[in-house]
Novice: 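To start, I am sharing the structure in question, which I have written as structure tokens.
In what follows, every chain begins at residue 1, and chains take the letters A, B, ... in the order their sequences are listed.
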Amino acid sequence: MSVRTRFAPSPTGFLHIGGARTALYNWLYARHHGGAFVLRVEDTDSARHHEEGLGKILDGLRWLGLEWDEGPATGGEFGPYYQSERRAIYDRYLAKLQEGGHVYEDEGAIRFRVPDRDITVVDRVCGEVTVNLHQQGSKRWDAEKKEEVEANPDLVIRRPDGSYIFHFVNVVDDIEMQISHVIRGEDHLSNTPKHLALFEVFGVEAPVYAHIPLNLNKDGSKMSKRDQGALIHEYVENGFLPEAVNNYMALLGWSSKDDQEIFSMTELIEKFDIDGINRANSKFDYEKCLWVNGEHLRQLGPDVLAKNAAPFFEKAGIDPGDPRLGTALGLARERAQRLSEMPDLVKTAFFDEIEYDPEAVAKVAGREGIGEVLSALKAALEGVGDWCEDAVKTAIHQAADDLGQKMGAFMLPCRVATMGGTTGPDLVPMMVMTGKERVIKRIGDFAEKIAS
RNA sequence: GACCCGUUCGUCUAGCGGUUAGGACUCCGCCCUUUCACGGCGGCAACACGGGUUCGAGUCCCGUACGGGUCGCCA
């Protein structure tokens with residue numbers, strides 16, 4: 001049997017991390033087994049249809065690199081892939097139910113007769129779950145009254161306006177699209193017996209189910225779109241790399257069981273399987289996500305790094321085509337976790353004006369002999385002919401020697417004078433990148449600044 | 001409330017009857033170093049609780065507690 005998985009979002013207007021992770025697991029499973037990954041849009045409820053809702057979801061999936069083999073914009077032999085366009089198919093399946101006497105009308109809606117016996121879900125993650133739908137559905141919890149009220153256990157599958165309900169279309173589409181494995185959130189586990197009842201009357205073998213645990217906030221509450229890290233487009237804007245986000249999402253609820261933490265997409269495809277999926281919910285840890293991103297950032301080849309970082313440098317007013325960018329990226333990536341942090345680390349090299357950190361200035365301004373240090377530094381650097389790392393370094397060394405000072409004591413004033421702060425990338429390469437003229441001017445300006 | 005799923009360091013997890021309970025993030029030391037970061041080394045820190053079963057239980061069974069989910073003419 002060939003593996004066919006699917007991700008079936010409804011167009012809500014954003015790609016949530018939970019949905020993205022579900023998509024990732026389905027995608028990985030399909031890729032791991034050489035199967036197909038199908039994207040299907042669950043837009044049966046017109047009231048919930050958002051104009052741009054789908055676009056953002058597709059953009060998010062594309063950014064993550066979770067390309068679908070069949071679905072919107074791609075097509076495929078089991079289309080259409082919008083449920084809103086599959087009415088005729090649902091009508092046909094409804095007719096089958098009518099023939100078998102499995103449905104009846106109720107105030108204009110159509111209900112499916114739910115069997116009065118135990119139904120067992122065999123789940124690859126949760127094990128066996130047995131429920132009697134008839135018993136369970138005959139009472140309903142009234143959240144407002146906080147009490148159980150009588151209810152009709154039979155499932156509404158079509159509304160009076162002729163539109164169909166999730167449980168029904170979900171099953172019909174999984175049959176029609178020949179979905180072999182359903183990997184979805186655990187919130188669907190309790191719904192699965194309903195789906196099995198439908199598969200049974202259609203005489204079709206149900207797919208393999210794997211209900212994956214949910215991702216919660218660090219405090220255990222349900223993640224909503226307002227929570228940090230909840231929306232995929234925010235990762236794009238905040239300078240995350242798609243493979244890092246995938247890596248972290250994979251780790252939330254799945255383990256390769258061999259202590260590996262950082263995975264390339266290829267490695268994930270190779271190692272991912274349902275056996276490694278956890279049963280317990282996990283809590284989202286933004287700190288660790290940042291760390292994973294930093295690790296990926298440092299593994300990127302120069303060209304890919306440049307391509308990914310370009311928008312962030314542009315936003316900071318630095319021309320991504322600047323010949324010094326390659327050097328800048330190399331210096332910045334060592335101390336950044338996100339692309340968005342990189343321009344700030346090296347921007348002093350690209351502008352005339354710099355901002356001085358008052359604390360840093362105070363730290364060196366009071367030093368004894370700071371005036372001599374700065375003027376020696378300035379004189380030494382003025383004497384540098386070929387403005388390269390070796391020459392600059394030698395000049396600084398020479399100046400320090402002449403004053404009988406250690407390099408360590410010399411570098412800090414130099415850094416504050418030329419870069420404005422006490423921290424940052426390697427100073428000498430930064431100075432080279434900044435340019436001789438600017439560096440010397442800054443030292444002079446700084447000397448005046450602290451003298452006054 | 002009923003039903004379902006779950007419970008190993010603060011967090012993500014390994015473990016699948018006998019382990020000094022391992023790794024990772026975070027935090028704290030030390031080393032490297034011109035600062036910061038990276039890297040390296042080390043440290044703090046966990047089997048929810050109570051009963052069984054067993055020579056022996058984080059591992060199996062039953063309760064309790066706690067967490068999550070479902071109970072729609074939402075998906």
Novice: Side chain of Glu42(A): nearest nucleotide among G23(B), A75(B), U11(B)?
Specialist: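 Closest of the options to the side chain of Glu42(A): A75(B).
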
Novice: Does Arg324(A) count as lying over the ring of Phe350(A), i.e. NZ or CZ under 6.0 Å from the six-ring centre, within 45 degrees of the axis?
Specialist: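 Relative to the ring axis of Phe350(A), which defines the angle, Arg324(A) lies inside both limits.
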
Novice: Side chain of Arg279(A): nearest nucleotide among G6(B), C3(B), A75(B)?
Specialist: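 The nucleotide sitting nearest to the side chain is G6(B).
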
Novice: Quick check for you: among C74(B), C5(B), U70(B), whose closest atom lies nearest to any side-chain atom of Arg159(A)?
Specialist: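 Shortest atom-to-atom distance from the side chain points to C74(B).
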
Novice: Output the single nucleotide from U34(B), U11(B), A37(B) whose closest atom is nearest the side chain of Asp285(A).
Specialist: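 It is U11(B).
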
Novice: Please check if the distance between the ring centroids of Tyr25(A) and Phe272(A) is under 6.0 Å.
Specialist: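 Yes, they do, as the ring centres are separated by less than 6.0 Å.
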
Novice: Measure up the His195(A) and His167(A) rings against each other and bin them: parallel (under 30°), tilted (30 to 60°), perpendicular (over 60°).
Specialist: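 Ring orientation, 0 to 90° scale: tilted.
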
Novice: Just call it for Gln337(A): base, sugar-phosphate, or nothing, with non-hydrogen atoms closer than 4.0 Å on any strand.
Specialist: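 The residue Gln337(A) makes no contact with any strand.
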
Novice: Counting side-chain heavy atoms from CB outward, which of C5(B), G23(B), G15(B) is closest to Cys126(A)?
Specialist: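 Taking heavy atoms from C-beta onward, the closest nucleotide is C5(B).
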
Novice: Is any side-chain N of the basic residue among Glu105(A) and Arg111(A) closer than 4.0 Å to the acidic one's carboxylate O?
Specialist: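 Salt bridge absent between Glu105(A) and Arg111(A).
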
Novice: Take atom NZ of Lys218(A) and atom C1' of G10(B), then tell me their distance rounded to the nearest Å.
Specialist: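 That distance rounds to 7 Å.
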
Novice: Which whole-number value in Å describes the distance from Leu252(A) CG to C25(B) C1'?
Specialist: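 Atom-to-atom, Leu252(A) to C25(B), this comes out as 12 Å.
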
Novice: Using a distance-only criterion (donor-acceptor N/O pair, under 3.5 Å, no hydrogens), is the base of G23(B) paired with the side chain of Gln260(A)?
Specialist: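 Absent.
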
Novice: Let's see if you can work this out: which of A37(B), C73(B), U26(B) has an atom nearest to the side-chain heavy atoms of Ala109(A)?
Specialist: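 Of A37(B), C73(B), U26(B), C73(B) is nearest to the side chain of Ala109(A).
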
Novice: Among the candidates C73(B), C4(B), C12(B), find the nucleotide nearest to the side-chain atoms of Ser282(A).
Specialist: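 Nucleotide nearest to Ser282(A)'s side chain: C12(B).
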
Novice: Measuring from the side chain of Val156(A) (C-beta onward, heavy atoms only), which nucleotide among C73(B), C36(B), C5(B) has the closest atom?
Specialist: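 For the Val156(A) side chain, the nearest candidate turns out to be C73(B).
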
Novice: Look at all strands and tell whether Glu107(A) reaches a base, only sugar-phosphate, or nothing, counting heavy atoms closer than 4.0 Å.
Specialist: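 Contact class for Glu107(A): base.
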
Novice: In whole angstrom, what separates His167(A)'s NE2 from C71(B)'s C1'?
Specialist: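 In whole Å, C71(B) C1' and His167(A) NE2 are 10 Å from each other.
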
Novice: Using purine N1 to pyrimidine N3 plus N6-O4 or O6-N4 for Watson-Crick, or N1-O2 and O6-N3 for G-U wobble, each under 3.5 Å, what pairs with A37(B)?
Specialist: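 Because no pair has both required distances under 3.5 Å, A37(B) counts as unpaired.
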
Novice: Applying the Watson-Crick and G-U wobble criteria at under 3.5 Å, what pairs with A48(B)? Answer none if nothing qualifies.
Specialist: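 Result: U64(B).
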
Novice: Once you apply a heavy-atom cut-off of 4.0 Å, does Gly424(A) come out as touching a base, just sugar-phosphate, or nothing?
Specialist: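 Since a base atom lies under 4.0 Å of Gly424(A), the category is base.
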
Novice: Would one find more than 12 heavy atoms of other residues, nucleotides or ligands at under 6.0 Å from atom CD of Glu355(A)?
Specialist: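 For Glu355(A), atom CD is not crowded (no more than 12 foreign heavy atoms under 6.0 Å).
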
Novice: Nearest whole angstrom, please: distance from the P of G6(B) to the CD1 of Ile212(A).
Specialist: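 That distance rounds to 15 Å.
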
Novice: Taking CG from Leu133(A) and C1' from U70(B), how many angstroms apart are they, rounded to a whole number?
Specialist: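 Nearest whole value for this atom pair: 11 Å.
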
Novice: Please tell me which of Lys257(A) and Ala151(A) maps to the more 5' nucleotide of RNA chain B, matching each residue to the nucleotide holding its nearest heavy atom.
Specialist: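 Nearest-nucleotide comparison on RNA chain B picks Lys257(A).
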
Novice: RNA chain B: Gln136(A) or Ala336(A), which has the more 5' nearest nucleotide?
Specialist: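 Between the two, 5'-proximity favours Gln136(A).
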
Novice: Which nucleotide, if any, forms a Watson-Crick or G-U wobble pair with G1(B), using both distances under 3.5 Å?
Specialist: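 Partner of G1(B): C71(B).
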
Novice: Looking at C38(B), U13(B), G69(B), which one has an atom nearest to any side-chain atom of Ser190(A)?
Specialist: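 Taking heavy atoms from C-beta onward, the closest nucleotide is G69(B).
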
Novice: Can you identify which nucleotide, out of C12(B), C36(B), G72(B), has its nearest atom closest to the Thr423(A) side chain?
Specialist: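 Among C12(B), C36(B), G72(B), the one nearest the side chain of Thr423(A) is C36(B).
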
Novice: Do the non-hydrogen side-chain atoms of Val182(A) and His211(A) ever get within less than 4.5 Å of each other?
Specialist: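 No, every pair of side-chain atoms sits at 4.5 Å or beyond.
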
Novice: Can you tell me the base-pairing partner of U19(B)? Count Watson-Crick or G-U wobble geometry only, both distances below 3.5 Å, and say none if there is no partner.
Specialist: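 Its partner is none (no Watson-Crick or G-U wobble pair with both distances under 3.5 Å).
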
Novice: Pairing check on A24(B): which nucleotide meets the Watson-Crick or G-U wobble criteria with it, both distances under 3.5 Å?
Specialist: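 Across any shown strand, A24(B) pairs with U11(B).
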
Novice: How many Å lie between CG on Asp258(A) and P on G23(B), as a whole number?
Specialist: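 Taking CG of Asp258(A) and P of G23(B), I get 15 Å after rounding.
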
Novice: Using purine N1 to pyrimidine N3 plus N6-O4 or O6-N4 for Watson-Crick, or N1-O2 and O6-N3 for G-U wobble, both under 3.5 Å, which nucleotide pairs with U59(B)?
Specialist: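 Matched U59(B) with nothing under the 3.5 Å cut-off.
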
Novice: What's the CG-P distance between Leu189(A) and G68(B), to the nearest Å?
Specialist: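 Nearest whole value for this atom pair: 17 Å.
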
Novice: Look at all strands and tell whether Lys406(A) reaches a base, only sugar-phosphate, or nothing, counting heavy atoms closer than 4.0 Å.
Specialist: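 The answer is nothing, as Lys406(A) stays clear of every strand by at least 4.0 Å.
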
Novice: Determine, for Tyr93(A) and Lys96(A), whether the Lys NZ or Arg CZ falls below 6.0 Å from the six-membered ring centre while staying within 45 degrees of the axis.
Specialist: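 Judged by the rule, Lys96(A) and Tyr93(A) form a cation-pi pair.
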
Novice: Rounded to the nearest angstrom, tell me the gap between atom CE in Met411(A) and atom C1' in U34(B).
Specialist: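 My rounded result for the distance is 4 Å.
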
